Amino acid sequence: MRDVAIIGAGVTKFGELWNKSFRAIGIEAGVKAMGDANLSGSEIDGVFIGNMSAGQFIKQKHIDALIADYSGMATNNIPATRVEAGGASGGVAFRQAVMAVASGMHDVVLVGGAEKMTDMDDVSINSVLDATADAEWEAGMGVTFAGLHAMMAQRMIQDGVATREEIASFSVNSHFHGALNPNAQFRKAITLDTVLKSGPVASPLGMFDCAPISDGAASLVLCPLEDAKKTQASDTLALFQRPDITTYQATVEAARKAYEQAHITAQDINVAEVHDTYTVTGIMALQDLGFYKRGEAGKAVLNEECHFDSGKIAINTSGGLKARGHPIGATGVAQIVELVEQLRGSADKRQVENAKYGLAQNTGGTGSAVTVSILEAM
C-alpha cells in the first residue's frame, strides 16, 4: 500500500448560493483544487464525489456522471463514483479516494463534495435530514434529527458530562473562528448569551446550537506520497440500540485506528475539525477523540482553550459546521481543505502556529458512520 499526499485543495464560499447551480459550485471547487495542484485536469485518472441527496434537493441523480461530463473528464472516460453516507458523505469519499491511490488502482485522483440545499423549503429540507436516522424506528415514529440530538444533550447534562452553558459555548468557539474565514456562511462572532437565548428548536437546544442549511462545494487532489492517513468506523443506526448516547463509539474506534496508523496520540494533534452539526456533538467529539477526558471538554471550550491562538489544540478553525456552513456532501472534504491550509501555514488570520498534525472527524446520521482523518505537514 502506497502512502498518499494531498497536492491540491479548493473550496467555494458556503451559504445561500441562489445564483449558482449545483454543477457550477462543484466545478468551481474542482478547478480551484487542480489549479492549486498545478494540473490541467488531463492527469486525473479517477474521481470520487461525496453527495448525500441531490436527488431530493435538486431533483438530479447520477451525480458522478454529471460532474464527469460537465468537467470535461467524460471524454477521457475517467471513472467517476458518487459516495453517500449521510453527513459523512464527503469524509467517506475522501477515504475511498485515499484507498484508490494507496492501492495503486489510481495515481492522481480528484475527490469532491457538494450539496445544494437552499432551493427547497425548510420543512422539505428537514424531512430529507431526518431520513439519515433510522426511518422505521426513529423518523417513522415522529422523532426529528434535532430531537435525537436534544436527547443526547439532555442525557449529557443529566449525567454531569457537560452543563448547558458548556454545550452552548461550542457554538461561540465556531463563530469566533468563522468570523476569520472569508468562505464561511456566518462571519460574525457571538456571545454565550446569544446561544442560550436563541429561539428553541428541541429542548435544550436552540437555533444557535444547530448548523445551518447551506450550499457549497470543496475539492482535493490526491497522489502517491507520504502525507495523509485515513480510517472509518460504524455504529448502530438508531440511538436506542446504544448503551450510551453521550458518546459515538464509531468515533472512538476510528480515532484509535487512525492514531495507530499515524503512530501518534491525540496529544500530538495541533488543529482539529470536528462535526458540530449540533453543539452537543462537538463536545462529544472532543471526548471521543481523546483530546479531553469525559466531563472536561465542555469546560475547556467555555474557557476558550480551543481558540487558534490559545497555545492548545485549536478546534474548528474554519468555523465548523455551525459558522462555516454545512452543505452536507461538501462538509467532510471542506474539513480536509481547512487542515491543508493550516498545515501549509496559509490560514491567514486564523493560522495555528507551528501546526504539524491535523485531524478531521466527519459523521453521518447520529454517529452511525464516522471517518477520522489525520494529516501531517511535510
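Small disclaimer: the values here were computed from a predicted structure and weren't measured. Positions are given from 1, in the same order as the sequence printed here.
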I would like to know whether Thr251 and Gln361 meet side-chain hydrogen bond (donor to acceptor under 3.5 Å, both in side chains); could you show each step before the answer?
CA-CA 8 Å; Thr251 296; Gln361 175 236 19; 3.1 Å; yes

Quick one: do Val333 and Val109 end up in the same hydrophobic cluster if we chain Ile, Leu, Val, Met, Phe, Trp and Tyr together by side-chain heavy atoms under 4.5 Å apart?
yes

Closest heavy-atom pair and its distance - Ala93, Gly112
CB-O, 4.4 Å

Roughly how far apart are Ser373 OG and Arg95 CZ, rounded to 0.5 Å?
10.0 Å

Any donor-acceptor N/O pair, Ser198 side chain to Met207 backbone, under 3.5 Å:
yes

Answer yes when Arg164 and Asp209 have at least one side-chain N-carboxylate O distance shorter than 4.0 Å, and no when they do not.
yes

Donor-acceptor side-chain pairing of His275 and Asn362 below 3.5 angstrom:
yes

Test item: Trp18 and Asp119 side chains (from C-beta on) under 4.5 Å apart, heavy atoms:
yes

Counting N and O atoms only, with roles assigned by atom type, does the side chain of Arg294 sit under 3.5 Å from a partner on the main chain of Gln287, one being a donor and the other an acceptor?
no

Do the rings of Phe176 and Phe308 sit parallel, tilted or perpendicular, given the 30° and 60° boundaries?
parallel

Just do the side-chain hydrogen bond (donor to acceptor under 3.5 Å, both in side chains) check on Ser174 and Ser171 with the steps written out, would you?
CA-CA 5 Å; Ser174 291; Ser171 181; over 6 Å; no

Ile49 reachable from Val128 in the ILVMFWY side-chain graph, under 4.5 Å edges
yes

Any side-chain to backbone donor/acceptor pair from Glu84 onto Gly86? Under 3.5 Å, distance only.
yes

Using a distance-only test with no angle check, is there a side-chain donor-acceptor pair under 3.5 angstrom linking Gln351 and Gln342?
yes

Side-chain touch Thr331/Arg324, heavy atoms, less than 4.5 angstrom
yes

Go through the side-chain N and O atoms of Glu273 and Ser318 and say whether any donor and acceptor fall under 3.5 Å apart.
yes

May I ask you to say whether Lys257 pairs ionically with Glu260, meaning some side-chain N is under 4.0 Å from a carboxylate O?
no

For side-chain contact (heavy atoms from CB on, under 4.5 Å), just list the numbers for Ile328 and Leu129, CA-CA rounded to whole Å, side-chain angles, deciding distance to a tenth of an Å, and then say yes or no.
CA-CA 9 Å; Ile328 299 176; Leu129 299 179; 3.0 Å; yes

Treating Asp159 as the side-chain partner and Val161 as the backbone partner, does any N or O pair qualify as donor plus acceptor under 3.5 Å?
no

Does any N or O in the side chain of His106 come within less than 3.5 Å of the main-chain N or O of Ala100, such that one atom is a donor and the other an acceptor?
no

Applying salt bridge (Lys or Arg N to Asp or Glu O under 4.0 Å) to Asp36 and not counting sequence neighbours gives Arg344

Give the minimum heavy-atom separation between Ala330 and Gly113, together with the two atoms involved.
CB-O, 3.3 Å

Dump the intermediate steps for side-chain contact (heavy atoms from CB on, under 4.5 Å) on Asn183 and Phe14, then the final yes or no.
CA-CA 6 Å; Asn183 290 316; Phe14 282 15; 5.9 Å; no

Heavy-atom pair of closest approach, residues Leu196 and Ala168
CD2-CB, 3.7 Å

Side chains of Tyr259 and Leu289, heavy atoms from C-beta outward: is any pair under 4.5 Å?
yes

Would you call Lys20 and Glu28 a salt bridge, using N to O less than 4.0 angstrom?
yes

Glu166 vs Ser169, side-chain hydrogen bond (donor to acceptor under 3.5 Å, both in side chains): CA-CA, chis, key distance, verdict
CA-CA 5 Å; Glu166 290 169 355; Ser169 69; over 6 Å; no

Would Glu341 and Ser346 count as having a side-chain donor-acceptor pair, cut-off 3.5 Å?
no

Is any side-chain heavy atom of Val47 less than 4.5 Å from a side-chain heavy atom of Asp64?
no

Check this for me: does any side-chain nitrogen of one of Lys322 and Asp276 sit under 4.0 Å from a carboxylate oxygen of the other?
no

Taking C-beta and beyond as the side chain, do Asn51 and Phe22 meet within less than 4.5 Å on heavy atoms?
yes

Going from NZ on Lys293 to CG on Leu286, what distance comes out if it is rounded to the nearest 0.5 angstrom?
15.5 Å

Mind checking who shares a hydrophobic cluster with Ile25, ILVMFWY linked at side-chain heavy-atom distances under 4.5 Å?
Leu17

Whether Glu43 side chain and Ser40 backbone form a donor-acceptor pair below 3.5 Å
yes

Got a salt bridge between Arg350 and Glu338, using NZ or NE/NH1/NH2 to carboxylate O under 4.0 Å?
yes

Met378 vs Glu376, test: side-chain contact (heavy atoms from CB on, under 4.5 Å). Steps then yes/no.
CA-CA 6 Å; Met378 300 300 289; Glu376 178 183 2; 4.1 Å; yes

Any link between Val372 and Tyr292 through a network of hydrophobic side chains (Ile, Leu, Val, Met, Phe, Trp, Tyr) touching at under 4.5 Å?
yes

Taking the side chain from Asn126 and the backbone from Val123, do they hold a donor-acceptor pair closer than 3.5 Å?
no

What do the steps show when you test Thr118 against Glu16 for side-chain hydrogen bond (donor to acceptor under 3.5 Å, both in side chains), and what is the final call?
CA-CA 6 Å; Thr118 63; Glu16 298 177 340; over 6 Å; no

Return the minimal non-hydrogen interatomic distance between Leu110 and Val221, and the atom names on each side.
CD1-CG2, 3.9 Å

Can a salt bridge be assigned to the pair Asp309 and Lys349 using a cut-off of 4.0 Å between side-chain N and carboxylate O?
no

Let me confirm one number: the OG-NZ distance from Ser214 to Lys116, rounded to the nearest 0.5 Å.
11.0 Å

How long is the gap from CD1 on Ile44 to OG on Ser42, to the nearest 0.5 Å?
8.5 Å

Shared hydrophobic cluster, Val370 / Ile374 (ILVMFWY, side-chain heavy atoms < 4.5 Å):
yes

In Å and rounded to the nearest 0.5 Å, what is the CG to CD1 distance from Leu222 to Ile7?
8.0 Å

What are the two closest heavy atoms between Val101 and Cys223, and how far apart are they?
CG1-C, 3.6 Å

Phe94 vs Val83 side-chain heavy atoms within contact, under 4.5 Å:
no

With rounding to the nearest 0.5 Å, note down the distance linking CG in Leu180 to NE2 in His175.
12.5 Å

If you compare all heavy atoms of Ser53 against all heavy atoms of Glu115, which two are closest, and at what distance to 0.1 Å?
N-OE2, 3.1 Å

Any side-chain heavy atom of Glu296 sitting closer than 4.5 Å to one from Lys299?
no

Do the side chains of Arg82 and Phe48 get nearer than 4.5 Å, heavy atoms only?
no

Evaluate side-chain contact (heavy atoms from CB on, under 4.5 Å) for Phe170 paired with Val195, printing each intermediate quantity in order.
CA-CA 10 Å; Phe170 205 92; Val195 184; over 6 Å; no

Linking I/L/V/M/F/W/Y whenever any side-chain heavy atoms sit under 4.5 Å apart, do Ile190 and Ile167 land together?
no

Modelled atom types, side-chain donor and acceptor of Ser127 and Ser124, under 3.5 Å
no

Treating His307 as the side-chain partner and Ala314 as the backbone partner, does any N or O pair qualify as donor plus acceptor under 3.5 Å?
no

